[in-house]
Amino acid sequence: MGTNGIQQLRRRTIAVGSGKGGVGKSTTAVNLAIIAAKLGKRVGLIDLDPLSNLATILDVPSATLESARGAVISASTSVTGSLDDATVELFPRIDLLFPRPKLAGGDSARLMGLLFRRMTGQLLNRYDLLLLDMPAGIGHDENLAFLPYVGRLLIVTNPEPTSHVSAGGYVRVALEVAPELTVSFWHNKYRETSEGDFDATNVIGNYNRLVDEDLRVSAEQLNRISTVATVPDDRSLDLLQQSMSVEVHMLAKLLEAMDMMHRAIIADIQIDGSLDQSAANQLRYFLARQDGTEDYEQIVAGALEYHRAAEGAPADGDAIRAFVQRYASQPVIGPLRLAISAVQAAAEAGANQERLFATTLSDKRPIQRAEIATRALLTAVKKSRPNHFIGNLGGIVLCYLSILKLVSSRRVRPLISSVVPRRTENGRTVRDRRVQIRSLIEKNEIYHRRYFALVKLLYPVLIQQVGRMVEAFDWKDLLLRDSAGEVNRNAYLKLLTHVLHDSLHAGLGVYVGFRYSAAGRAIEQGARRLLRDMA
């Protein structure tokens, strides 16, 4: 196929790269493939990263891979076999191409020639989208040599300086190699606000500020760069995580609701004339990050230092002290900070002893302390006569606390784990990730019937649990209600359905397994934006 075919393939190809490893590049490539396939596109996924193995990550059986590991590329012969010999179907409309465990020296260059010269026609006929999971960094043979043949480079980053500096250097070199390349950033573990001189989304600004002038990305090059996704941190994104406790996941959901309550209270703190809006927003960001263990004077001292570092000038101590005092005097803040600290400690302790098929976590004391602190928070919320938004968040916390008690039960936990596909491996029971992922993507009827049967079984138990807690602690004002003032049973059903869905699929690392979380929504929005831009 001639130049026209190569250009067509180029427009269909995305290279997923990163300046450094460990930022979630392979996770991003897999989720892009899944979302594109759900939108009807035929996707070819190629693993070029010698430090990664998508087949292992996705739990593809070794016997399935053997048929596609023939000598399609070799040092002695340029090409043998056909594209069929190098293809493994992962899921409907998603193929893994050239699933070799690692690429030997020179394999990348041979594969590039094979893809963009010998097999161009086959690829155009089979795929609407080609995703290259690139090696981290800027090695020429394994990385930059591909860039003139792709239409878009998607660079995955994390919000920390070394990731941004390495990503900025990658962009500069990539645009020198392929000046017509379109570059997009995908921000994983995203934090929404800047800290000092570091802006979590301004990769090029952070890079240019830290390197010599002759190494900077130019204003002209900057016009070819955009951001397509900002994905908050979520342990479910860890593709290598083999299991995750349902209790740990519920603690994470509790923490998410408490954090939202914390930020909502902070957002309502009034400012006086001595603080401008920018300074107040910096202080709000600082306060939102406090972990609940600091006393008032420590918070004031930290706020003064943070403001001084951000502004590069002495802070107005009286104004900052007054702002922190208004924060500390909020009636819910004390119990809320203690609850956040206790839930964080329980989640960390649980993560160290998680077992997918265990009846319960072995050490229950951290969870018991978290439950006590959460009850104190709910009592404080009820007494404070909260606004509608804070009241609803209190109702959600009450629901999550009730679900946590359910999933901690020795009777309920086996019911939950029975839904998860499993297999025996080396004499022990492990989750069958491959079957579970495929069941989600293909909407396997039997698997989904078991899941909804679990929801149907646990829903009335949850309603009873909420009712018992409301009666015991006089929390009637915290019940979730509909517009007519009646208890909103549908809201409780949705919360239970969403929480169980994401708990059962945590650790699979695929969007369809945690679609109800903030990270899942951000991934879907980013993927849709990226694919729309390519159309």
Side-chain angles (χ1 to χ4, degrees), residues 16 18 20 22-32 34-35 154-164 167 184-195 198-203 206 226-241 244 248-267 281-282 284-292 336 340 343-344 347-348 350-351 389 393 396-397 400 495 498-499 501-503 505-530:
V16 184
S18 64
K20 63 187 291 289
V23 297
K25 174 177 56 61
S26 294
T27 306
T28 301
V30 167
N31 279 291
L32 283 175
I34 291 172
I35 294 171
L154 181 67
I155 299 182
V156 183
T157 70
N158 289 165
E160 48 94 16
T162 58
S163 179
H164 280 205
S184 298
F185 283 118
W186 184 286
H187 299 279
N188 281 337
K189 299 184 180 180
Y190 171 68
R191 294 193 299 266
E192 65 184 52
T193 311
S194 62
E195 181 175 355
F198 181 79
D199 186 331
T201 58
N202 189 8
V203 175
N206 293 326
S226 64
T227 291
V228 295
T230 51
V231 181
D233 195 11
D234 191 318
R235 289 186 74 236
S236 298
L237 285 168
D238 183 1
L239 279 169
L240 299 179
Q241 180 183 303
M244 184 174 183
V248 170
H249 186 80
M250 280 313 310
L251 289 165
K253 298 299 290 185
L254 263 176
L255 201 58
E256 184 180 292
M258 290 177 183
D259 182 64
M260 191 178 298
M261 184 184 294
H262 194 201
R263 290 175 181 274
I265 293 171
I266 292 170
N281 286 339
Q282 288 175 354
R284 290 188 175 103
Y285 175 66
F286 169 78
L287 292 172
R289 296 174 62 215
Q290 303 311 294
D291 63 10
L336 176 57
I340 289 173
V343 172
Q344 283 178 329
E348 290 170 3
F389 184 67
L393 285 173
I396 291 172
V397 169
Y400 286 165
L495 286 170
H498 294 178
V499 162
H501 180 278
D502 288 2
S503 295
H505 306 122
L508 296 178
V510 293
Y511 149 77
V512 285
F514 55 100
R515 59 188 308 175
Y516 300 113
S517 71
R521 291 190 294 272
I523 287 172
E524 181 180 22
Q525 291 168 3
R528 287 178 177 270
R529 185 178 300 116
L530 181 65

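None of the values given here were measured: they were computed from a predicted structure.
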| query | Can you name the closest pair of heavy atoms from Ala229 and Gly526 and give their distance? | reply | CB-CA, 3.8 Å
| request: Could you check if a side-chain atom of Trp186 sits within less than 4.5 angstrom of a side-chain atom of Ile523, using non-hydrogen atoms only? | output: yes
| If you take all heavy atoms of Gly513 and Asp502, which pair is closest and at what distance? | O-OD1, 3.3 Å
| message | Contact between Leu154 and Leu32 at the side-chain level, heavy atoms closer than 4.5 Å - yes or no? | response | yes
| message | Using modelled atom types and a 3.5 Å cut-off, is there a donor and acceptor pairing between side-chain atoms of Asn31 and backbone atoms of Tyr511? | response | yes
| Do the non-hydrogen side-chain atoms of Asp259 and Arg263 ever get within less than 4.5 Å of each other? | yes
| Out of curiosity, His187 NE2 to Asn202 CG, how far, rounded to the nearest 0.5 Å? | 8.5 Å
| query | Partners of Glu256 by side chain to side chain contact (heavy atoms under 4.5 Å, CB included), sequence neighbours excluded? | reply | Lys253
| Minimal non-hydrogen separation, Val397 against Ala257, with atom names | CG2-CB, 3.9 Å
| remark: Note: His164 and Pro159 closest approach over all heavy atoms is NE2-CA, 4.1 Å
| query | Quick one: CE on Met261 to CD1 on Ile396, what's the gap to the nearest 0.5 Å? | reply | 8.5 Å
| task | Give a yes or no answer on whether the side chain of Asn206 reaches the backbone of Glu160 with a donor-acceptor pair at less than 3.5 Å. | result | no
| field | Side chain proximity check, Val499 to Tyr516, heavy atoms < 4.5 angstrom | value | no
| remark: Of all heavy-atom pairs linking His262 and Leu336, the shortest is CA-CD2, 3.5 Å
| Out of Val156, Ile155, Asn188, Thr28, which residue meets the side chain to side chain contact (heavy atoms under 4.5 Å, CB included) rule with Val23? | Val156
| message | With rounding to the nearest 0.5 angstrom, report the CZ to CD1 distance, Phe286 to Ile266. | response | 10.5 Å
| said: Using side-chain heavy atoms (C-beta onward) and a distance below 4.5 Å, is His505 in contact with Val510? | reply: no
| query | Rounded to the nearest 0.5 Å, what separation is found between the OG1 atom of Thr230 and the CD atom of Gln525? | reply | 8.5 Å
| query | When rounded to the nearest 0.5 angstrom, what distance separates CG in Leu254 from NE2 in His249? | reply | 11.0 Å
| task | Flag the pair Thr201 / Tyr190 as yes when at least one side-chain heavy-atom distance between them is below 4.5 Å, and no otherwise. | result | yes
| What distance separates Lys20 NZ from Thr162 OG1, expressed to the nearest 0.5 Å? | 4.5 Å
| request: Mind running side chain to side chain contact (heavy atoms under 4.5 Å, CB included) on Tyr400 and Met258 for me, showing each step along the way? | output: CA-CA 11 Å; Tyr400 286 165; Met258 290 177 183; over 6 Å; no
